Amino acid sequence: MALSYAGNFPLNITQPAINVFLSSKQDDGQIDGLVYWQVANGYTAIALHEAWSNTSSNTDILEDLVSKVQNGQQDCINDYNDDSMWWAISLLELYEVTQNIQHLTVAGDIWNHVRNSVIVPGEHAVNGVDMAGGVIWTNKTDETQVNAITTGLFSELSARLSPKFEDASARETLLEYAIISLDWIYRCRYIEDDYLVLDHINLATNQTVDSTFTYNTGQAIAASIAIYDAIRANSSDQLSTAQTFLDFAGMMALYSMNRTSWVDGDGTLTERDAYPGTGANATPAWEDCDGLGFKAILLRNLAKLYRTLRRDGVNSELQGKIKSFVEHQFRSLQDRNTNGHDQYGPWWAGPMDLATSHSQLAALDVMAAIHGVQ
């Protein structure tokens with residue numbers, strides 16, 4: 001059945017879901033039951049909901065909560081580079097809604113901090129492959145892990161900051177960082193025939209860990225879109241180069257929506273290997289498992305890709321597939337994964353189980369995406 005969007009529907013569904021999430025806010029700006037990086041992703045989803053639904057109901061509370069976080073964690077930076085950059089992405093989304101220059105400044109400060117963890121050419125090689133462009137996971141002196149999610153975040157952050165600078169040299173430097181980091185993913189953590197991004201490499205042992213989490217590929221989609229936009233903003237003479245990155249994003253998206261290890265037979269995004277919901281060893285709904293939110297980040301960036309394709313009037317077939325996919329996730333949450341009180345469980349395909357802050361968090365990207373594809 002096709003969805004109808006007469007009046008405020010689905011705003012009268014999506015906003016109450018946000019209200020439930022924010023009801024767990026704490027005095028320090030955090031959300032009860034969530035770890036630091038998950039809070040940032042919740043706020044990102046809410047900021048995107050504001051932008052994509054053309055509303056401002058949550059702007060003031062987001063500004064207040066982010067201010068409280070920054071009061072307790074200077075520039076939102078901690079020892080984990082991916083944590084810090086989840087906050088940078090959140091601040092960029094909030095900046096797009098509020099035009100509060102402070103958010104852009106802090107995102108830039110985070111970029112400057114993480115830049116020190118980017119591997120330079122010739123610094124490390126694994127199995128004869130130069131690790132240039134990869135980003136070390138943490139700031140710890142003995143850290144040896146370079147992973148796809150941290151590198152993908154740095155690539156997106158670099159590309160999205162690039163057009164914000166008036167100085168051409170600064171724009172070009174940021175774009176170069178974005179491209180070399182995404183190139184590390186393509187060279188070192190990418191299965192070309194399957195358009196799939198793998199997890200991480202240990203520089204000390206040369207071990208590759210080939211987990212296929214949805215958010216690794218989802219974040220590579222986001223970085224590819226950001227580079228596409230940055231190249232187009234910097235130079236009208238490089239449109240064919242820009243198109244290459246958009247094409248990469250499109251193929252990763254197409255395969256993501258059809259990957260049987262991620263998507264159930266009925267078309268619902270579940271990623272059961274990351275957060276299993278069936279069998280004797282199923283993850284209890286009350287357990288705060290990072291894997292629950294991975295698929296939400298993929299869905300978020302599918303919606304971003306849809307909006308980019310629609311804006312530029314290209315690939316109408318893929319637009320239609322993404323739109324249908326997002327709408328299906330939204331319907332599945334309403335039909336099979338809610339208790340009727342604006343609360344959502346961990347398994348988008350159902351059955352409904354205990355609603356927690358982390359299951360509500362994952363649902364927020366669906367609440368934003370449904371507006372993003374309208």
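In this text the structure is predicted, and so the values were computed from the model without any measurement.
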Query raised in the report: Checking K295 against W262: charged group under 6.0 Å from the ring centre and within 45 degrees of the axis?
Result: no

Query raised in the report: How about S57 and T55: does a side-chain donor come under 3.5 Å of a side-chain acceptor?
Result: no

Query raised in the report: So L48 and V97, side-chain contact (heavy atoms from CB on, under 4.5 Å) or not? Walk me through it.
Result: CA-CA 8 Å; L48 288 170; V97 173; over 6 Å; no

Query raised in the report: Given E156 and K304, is the salt bridge (charged side-chain N to carboxylate O under 4.0 Å, His left out) satisfied, shown in steps?
Result: CA-CA 12 Å; E156 181 190 6; K304 286 185 179 181; 3.3 Å; yes

**Report entry** Chi angles and distances behind the side-chain contact (heavy atoms from CB on, under 4.5 Å) call for L104, L161
**Finding:** CA-CA 8 Å; L104 195 59; L161 285 173; 3.9 Å; yes

Query raised in the report: Do we see a donor-acceptor contact under 3.5 Å between the side chains of D79 and N139?
Result: no

Report summary line: Scanning both residues in full, the closest heavy-atom pair of R171 with S162 reads O-OG, 2.7 Å

Query raised in the report: Heavy-atom distance under 4.5 Å between the side chains of V69 and C76, does that happen here?
Result: yes

Query raised in the report: What about F294 and Y275, are their ring centers closer than 6.0 Å?
Result: no

**Report entry** Donor + acceptor pair across side chains of H358, E287 (<3.5 Å)
**Finding:** no

**Report entry** Straight-line distance of N301 CG to Q219 CD, nearest 0.5 Å
**Finding:** 6.0 Å

Requested in this report: Check whether I231 and L305 end up in the same hydrophobic cluster, where Ile, Leu, Val, Met, Phe, Trp and Tyr are linked by side-chain heavy atoms less than 4.5 Å apart.
Outcome: yes

Report summary line: When F248, Y255, Y186 are each screened for ring-ring contact (aromatic ring centres under 6.0 Å, His included) with Y195, the one that passes is Y255

Requested in this report: Please assess E63 against N100 for the test side-chain contact (heavy atoms from CB on, under 4.5 Å), listing each intermediate value before the final yes or no.
Outcome: CA-CA 9 Å; E63 292 276 44; N100 181 346; 3.4 Å; yes

Query raised in the report: Donor-acceptor pair, S56 side chain versus T59 backbone, under 3.5 Å?
Result: no

Query raised in the report: For residues N147 and Q145, is any side-chain donor paired with an opposing acceptor at under 3.5 Å?
Result: yes

Requested in this report: Check whether any side-chain N or O of N216 sits under 3.5 Å from a backbone N or O of T212 as a donor-acceptor pair, and report yes or no.
Outcome: no

Query - Euclidean distance, T150 OG1 relative to M85 CE, rounded to 0.5 Å - result: 5.5 Å

Requested in this report: Check whether the side chains of Q319 and N315 place a donor and an acceptor atom closer than 3.5 Å, and report yes or no.
Outcome: no

Requested in this report: Flag the pair D28 and K68 as a salt bridge only when some basic side-chain nitrogen lies within less than 4.0 angstrom of an acidic carboxylate oxygen.
Outcome: no

Query - Lys/Arg-Asp/Glu bridge criterion (N-O < 4.0 Å) met for D130, R187 - result: no

Query raised in the report: Does a side-chain heavy-atom distance below 4.5 Å link S181 with I185?
Result: no

Query - Carboxylate-amine/guanidinium proximity below 4.0 Å for E327 and K321 - result: no

Query - Residue pair W37 / D290, side-chain heavy-atom distance below 4.5 Å - result: yes

Report task. Please assess I227 against S155 for the test side-chain contact (heavy atoms from CB on, under 4.5 Å), listing each intermediate value before the final yes or no. Result -> CA-CA 8 Å; I227 292 173; S155 179; 3.6 Å; yes

Query raised in the report: Does the side chain of W86 pick up a donor-acceptor pair with the side chain of T44 at under 3.5 Å?
Result: no

Report summary line: The reported gap from CD1 in I322 to CZ in R310 (rounded to nearest 0.5 angstrom) is 11.5 Å

Query raised in the report: What do you reckon, are the aromatic ring centroids of Y80 and W137 less than 6.0 Å apart?
Result: yes

**Report entry** Heavy-atom neighbours of D142 CG exceed 12 at 6.0 Å
**Finding:** yes

**Report entry** Shared hydrophobic cluster for I110 and V35 (ILVMFWY, side-chain gaps under 4.5 Å)
**Finding:** yes

Report task. Assess the side chains of S84 and H113: does a donor N or O sit below 3.5 Å from an acceptor N or O? Result -> no

Query - Centroid-centroid under 6.0 Å between W87 and Y36 rings - result: yes

Query raised in the report: Looking at R311 and D229, does any basic side-chain N land under 4.0 Å from a carboxylate oxygen?
Result: yes

Query raised in the report: How about Q74: does its CD atom have over 12 heavy atoms from other parts shown lying under 6.0 Å from it?
Result: no

Report task. Inspect the contact between D335 and R331 and indicate whether a charged nitrogen and a carboxylate oxygen are less than 4.0 angstrom apart. Result -> no

Query raised in the report: Taking side chain as C-beta onward, heavy atoms only, is L11 less than 4.5 Å from H371?
Result: yes

Requested in this report: Establish whether L198 and V129 are linked, either directly or via other cluster members, by ILVMFWY side-chain heavy-atom contacts under 4.5 Å.
Outcome: yes

Report task. Could you tell me whether K25 and D64 make a salt bridge, using a distance below 4.0 angstrom between a side-chain N and a carboxylate O? Result -> no

Query - Backbone N/O of D194 and side chain of R259: donor-acceptor pair under 3.5 Å - result: yes

Query raised in the report: In Å and rounded to the nearest 0.5 Å, what is the CD to CG distance from Q329 to L302?
Result: 9.0 Å

Query raised in the report: Looking at CG of N81 and CG of L157, how far apart are the two atoms once the value is rounded to the nearest 0.5 Å?
Result: 11.0 Å

Query raised in the report: Is there a side-chain contact between N202 and V209 (heavy atoms, below 4.5 Å)?
Result: no

Query raised in the report: Would the number of heavy atoms belonging to other residues, nucleotides or ligands and lying under 6.0 Å from CG of D27 be above 12?
Result: no

Report task. Run the numbers on W348 and T270 for side-chain hydrogen bond (donor to acceptor under 3.5 Å, both in side chains), then give the verdict. Result -> CA-CA 6 Å; W348 292 358; T270 58; over 6 Å; no

Requested in this report: Please find out if less than 6.0 Å separates the ring center of F245 from that of Y228.
Outcome: no

Query raised in the report: Are L333 and L298 joined in one hydrophobic group, where the rule is that I, L, V, M, F, W and Y side chains link up if heavy atoms are under 4.5 Å apart?
Result: yes

Query raised in the report: Honestly curious: do L239 and V314 fall in one hydrophobic cluster under the side-chain, below-4.5 Å linking rule?
Result: no

**Report entry** Backbone N/O of S169 and side chain of D167: donor-acceptor pair under 3.5 Å
**Finding:** yes

Query raised in the report: Taking atom CD1 of I370 and atom CH2 of W52, what is their separation to the nearest 0.5 Å?
Result: 11.5 Å

Requested in this report: Give a yes or no on whether a salt bridge exists between E93 and R160, defined as a side-chain N under 4.0 angstrom from a carboxylate O.
Outcome: yes

Query raised in the report: Going by an N to O cut-off under 4.0 Å, is there a salt bridge joining R272 and D264?
Result: yes

Query raised in the report: Does the side chain of Q15 come under 3.5 Å of the side chain of N58 through a donor N or O and an acceptor N or O?
Result: yes

Requested in this report: On the 0 to 90° scale, with breaks at 30° and 60°, tag the Y177-F154 ring pair as parallel, tilted or perpendicular.
Outcome: perpendicular

Query - Any side-chain heavy-atom pair of V106 and Q70 under 4.5 Å - result: yes

Query raised in the report: Quick check: does any side chain N or O of E123 sit under 3.5 Å from a backbone N or O of M131, one acting as donor and the other as acceptor?
Result: no

Query raised in the report: Within the distance-only criterion (no hydrogens, no angle test), does the side chain of Q99 pair as donor or acceptor with the backbone N or O of Y95 below 3.5 angstrom?
Result: yes

